[in-house]
Amino acid sequence: AQSVTQLGSHVSVSEGALVLLRCNYSSSVPPYLFWYVQYPNQGLQLLLKYTSAATLVKGINGFEAEFKKSETSFHLTKPSAHMSDAAEYFCAVSEGTGGFKTIFGAGTRLFVKA
Amino acid sequence: DTAVSQTPKYLVTQMGNDKSIKCEQNLGHDTMYWYKQDSKKFLKIMFSYNNKELIINETVPNRFSPKSPDKAHLNLHINSLELGDSAVYFCASSQAMLGGAGNGYTFGSGTRLTVV
């Protein structure tokens with residue numbers, strides 16, 4: 001069975017600082033991994049995805065994530081935080097077979113201080 | 001033009017009532033989903049339809065019944081609403097076949113259901 005653990009329900013950074021949101025997964029088969037962002041009162045938007053091609057994945061808004069199989073991790077980073085990055089971030093996993101079910105982590109709320 | 005649209009956006013109703021939420025996608029995707037997001041932002045899958053066929057039916061009370069008249073529409077009907085049903089319900093779609101699980105979801109903007 002697949003699962004996702006996001007370390008830290010809240011992360012606070014200063015504007016211009018590095019953003020690091022941690023995600024570890026568990027999957028019995030090679031997984032597909034995703035990061036989504038949710039702004040207040042909106043739906044989730046796909047930031048980036050890992051589908052077994054390059055292990056370093058670049059997404060929208062300057063975010064990127066690195067798939068590390070040995071660590072079963074898929075951490076999200078951004079070199080320089082912007083106020084507009086303040087939102088809820090969800091890591092998610094789905095298995096290659098069928099792919100109809102995606103399991104989401106509990107989410108990490110990112111705060112950006114001026 | 002909205003890719004995945006849900007109606008209504010807000011729904012306030014009394015306990016015991018029956019209500020429906022509608023979802024439509026214009027992306028040509030073959031699979032649609034209902035997720036429930038609770039007050040702590042936790043997302044849990046409820047149902048999934050692939051080309052009008054129910055393929056995921058998680059542990060959800062029988063009071064919840066999905067219906068997919070065609071692959072572009074997925075509705076959710078809830079009978080005898082309870083206080084604990086208060087949540088945000090998200091519809092999503094994906095192209096699950098021919099590319100499979102790696103395509104990711106497109107979400108609607110959600111329906112905030114409040115049962116009083």
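Numbers restart at 1 for each chain; the letters A, B, ... are given by sequence-line order, proteins then strands. All of these numbers come straight from a predicted model, not from anything done at the bench.
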Exercise for the section: Could you tell me which portion of Glu58(B) (side chain, backbone, both or neither) has an atom closer than 4.5 angstrom to a non-hydrogen atom of chain A? Expected result: side chain

Practice task
Among Ile56(B), Thr106(B), Ile45(B), single out the residue with the greatest number of heavy-atom pairs under 4.5 Å to chain A.
Solution key: Ile56(B)

Handout entry: Interchain contact, Tyr50(A) with chain B, by part (heavy-atom threshold 4.5 Å)
Key = neither

Problem - NZ/NE/NH1/NH2 to OD/OE distance under 4.0 Å, Arg63(B) and Asp85(B) - result: yes

Problem - Lys44(B) portion near chain A, given a 4.5 angstrom heavy-atom threshold - result: neither

Exercise for the section: Using distance alone, with no hydrogens and no angle criterion, decide if Thr31(B) and Tyr49(B) have a side-chain donor and acceptor under 3.5 Å apart. Expected result: no

Completion exercise
Applying a strict 4.5 Å limit to non-hydrogen atoms, the region of Gln38(A) in contact with chain B is side chain

Problem - Geometric class of the Phe107(B)/Tyr36(A) ring pair [parallel <30°, tilted 30-60°, perpendicular >60°] - result: perpendicular

Practice task
Please check if any side-chain donor atom of His73(B) sits under 3.5 Å from a side-chain acceptor atom of Asp70(B), or the reverse.
Solution key: yes

Exercise for the section: State whether Lys41(B) and Glu88(A) are salt-bridged, where the test is any N-O pair (Lys NZ or Arg NE/NH1/NH2 against Asp/Glu carboxylate O) under 4.0 Å. Expected result: no

